[in-house]
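Protein chains get the first letters and strands the later ones, always in sequence-line order, with residue 1 at the start of each. Keep in mind that the numbers below use all heavy atoms, side chains included, and drop hydrogens, waters and symmetry copies.
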There are 2 protein chains.
Amino acid sequence: MPSEKCRVTLKDIANKTGYTVNTISRALNNKNDISEQTKKYVKEVADSMGYINDSMAGSLRSGKTKTIAVILSDISNPHLAHQVKLIELSAIEYGYNTIILNTDENSQYERRAIISAYEKRVDGILICPVQQSEDNIRFLQSMNIPFVLIGRYFKNLDADAVLSDDIKAGYIATKHLIDKGFRKILFMSAQEYISSARERLEGYTKAHNEANLPIHNELIHSTNVKTGNAKEIMDSIIQSNINFDSVIAFSDMLAFEIKCALMCVCGNEADNIPIIGFDGVQSHLPLPFKYTSVGMDKDGWAKESTKLLFERIQYPTMHKKKIVRNVSLLNFDPVKGNDIT
Amino acid sequence: MPSEKCRVTLKDIANKTGYTVNTISRALNNKNDISEQTKKYVKEVADSMGYINDSMAGSLRSGKTKTIAVILSDISNPHLAHQVKLIELSAIEYGYNTIILNTDENSQYERRAIISAYEKRVDGILICPVQQSEDNIRFLQSMNIPFVLIGRYFKNLDADAVLSDDIKAGYIATKHLIDKGFRKILFMSAQEYISSARERLEGYTKAHNEANLPIHNELIHSTNVKTGNAKEIMDSIIQSNINFDSVIAFSDMLAFEIKCALMCVCGNEADNIPIIGFDGVQSHLPLPFKYTSVGMDKDGWAKESTKLLFERIQYPTMHKKKIVRNVSLLNFDPVKGNDIT
DNA sequence: TTGAAAGCGGTACCAA
DNA sequence: TTGGTACCGCTTTCAA
């Protein structure tokens, strides 16, 4: 147990044992220039005194914090929360801690998050960039902290990235609906500066082109979609007499919101309007209704990006890598479970 | 922009301006024994050099990290993720950062999390304790770090806590079903060492007693419920020929899982078996189906507990407070929205 | 209003 | 194998 009054330090152990702080430090860190006997003794005394390392003091000197930062839009999004959890588990295996910083898709907050990570001297950063501009990422580059982009990337920026194949994602979602006979597919996208939004739309277009079907611009909504306001947007679309028979949504959570909105307007008829989302949350969010999504396997980009980050930390000069992960159509059924097409 | 090679330090600014590090430090921290002119000049130079504070070095000296830790079972649970987000937002208002540590309902991990928080010298801790034993919390007490229990408490332990009225929660869920004529209410609880689980069961019992209804022990399952294995448990219950006409589940996520399990077994008939969960996730998780839950308002214990923690940090000797928040029956309908009874 | 120096609690480096 | 000492970057204290 730690002393009642204050922190037990190396000095305290040194005083008690007669060794110097230096020896204590190296004994506790299992350095091999200390005799086993001394190590054992020192460790015992340290334990009995309830010594707990002060990571700040150590990091200040060594320059290493054994901590990585994960910067993303919103931890309260179930998809991201799950990914973060996986990242944390991975990081622990490498002996690292994780801190999470939210951007809320806001460049200013993102800038703050980057600064905050720098203040805390993290050894590396995983970041799903807001992308409103490239400034923040260039700023991050100038800091010389290893980082990996997750889920989104910049064309003109040579950086490590772990992405999903978003063109394919948009394509298979669209093709799936086209194959089923739907011709008026509403595409509810996010901000168009987001690379994954653009690429999914590209897939949407590709599928239409392949099927020799025209693209109706009124069906493509690249509005600033934030969770929580889908109802208003859907209402305005419906009020504008835009005709659609199916929907593709930028995320699963958005898809759920859209479904609610449709239920408000059409009641049970809403079931006739299929909605496909992205992210594949069904792997860890079993919900009592059927839904379809396009996504990676349940590990998403979490494991891969953590691995890449630690590679980068170890080999700072290694050539930059861009990893694109495969996606597939995921049909979730509460009875049958997941069915991957 | 920060220098390409390394961190800009106070020393660098001192060298450039001719002042000492001391003056620079106090100028940047807006202390009032520095002339406005000097402050302005120093800040300009610091900005132009891209100076970013090294929080570790500062904290090491000052003993304050302006960081709190949130220790809970699993950030990937949507309910907790939402609460954590609210805590973070609150903390930022107080000028604090937040780190999150997961316990996975495992005492050993909880111990590690507490140690990790101590290593990082956090100024305070919000913790939803695993409760398998009191050891970890007593350990935490011995550390002299201000902390607030959230959602769960210990009878024999004088500690700050922000809780929900779980007896009432169990009571109104049960009464609601009894009033509707259900008589065989399956109670799917969590580990019985968890205070909220016990209290909800107490409410369940109370509602039965009040209605002069017997309690059937076979309907009460205090198994080690972790998300993800509800199906097996439900299967075994059904195989045992235990008869039930309705369900109360320890959490909303568990309720969703149980619903899926029932759909597997009874198909559409599952709709005739009402399931009530706890947590009230509907306030921030709009899903396209109706469900009922018992919970607090959407702020949950987040704001209140953060506030209490900062009170405690400010007044270490203040008498301990136990805050019990009200709960109500929440009916979510994708069309009508939330209806609070 | 500013400067000089000590020190927070470790780790790194070199000498013994 | 161990000890002595500088030092990480900042804040605090006291003197000027």
Original post:
Quick one: CG on B/L309 to CD on B/E311, what's the gap to the nearest 0.5 Å?
Top reply: 10.0 Å
Original post:
Is B/Y41 near enough to C/dT2 that one of its side-chain N or O atoms lies under 4.0 angstrom from OP1 or OP2?
Top reply: no
Original post:
Is the phosphate of D/dG3, meaning OP1 or OP2, less than 4.0 Å from a side-chain N or O of A/T23?
Top reply: yes
Original post:
Restricting to pairs with a member in residues 85-98 of chain B, which pass side-chain hydrogen bond (donor to acceptor under 3.5 Å, both in side chains), not counting sequence neighbours?
Top reply: A/D74-B/K85, A/K120-B/N97
Subject >> Residue-phosphate contact under 4.0 Å: A/T38 side-chain N/O, D/dT2 OP1/OP2 >> reply: yes
Subject >> Closest listed nucleotide, where the reference is the side chain of B/S62 and the choices are D/dG9, D/dT11, C/dG10 >> reply: D/dT11
Subject >> Selected nucleotide, minimal atom distance to A/D33 side chain, candidates D/dC8, C/dG10, D/dT1 >> reply: D/dT1
Original post:
Just wondering, more than 12 heavy atoms not from A/N32 lying within 6.0 Å of its CG?
Top reply: no
Original post:
When you check the phosphate oxygens OP1 and OP2 of C/dT2, does a side-chain N or O of B/S35 lie under 4.0 Å from one of them?
Top reply: yes
**OP:** Respond yes when some side-chain nitrogen or oxygen of A/N53 is under 4.0 Å from OP1 or OP2 of C/dG9, and no when none is.
**Re:** no
**OP:** For the side chain of B/R121, starting at C-beta, report the closest nucleotide among C/dG9, D/dT2, C/dA12.
**Re:** C/dG9
Original post:
Between B/Y193 and B/R152, is there a cation-pi geometry (under 6.0 Å to ring centre, at most 45° from the normal)?
Top reply: no
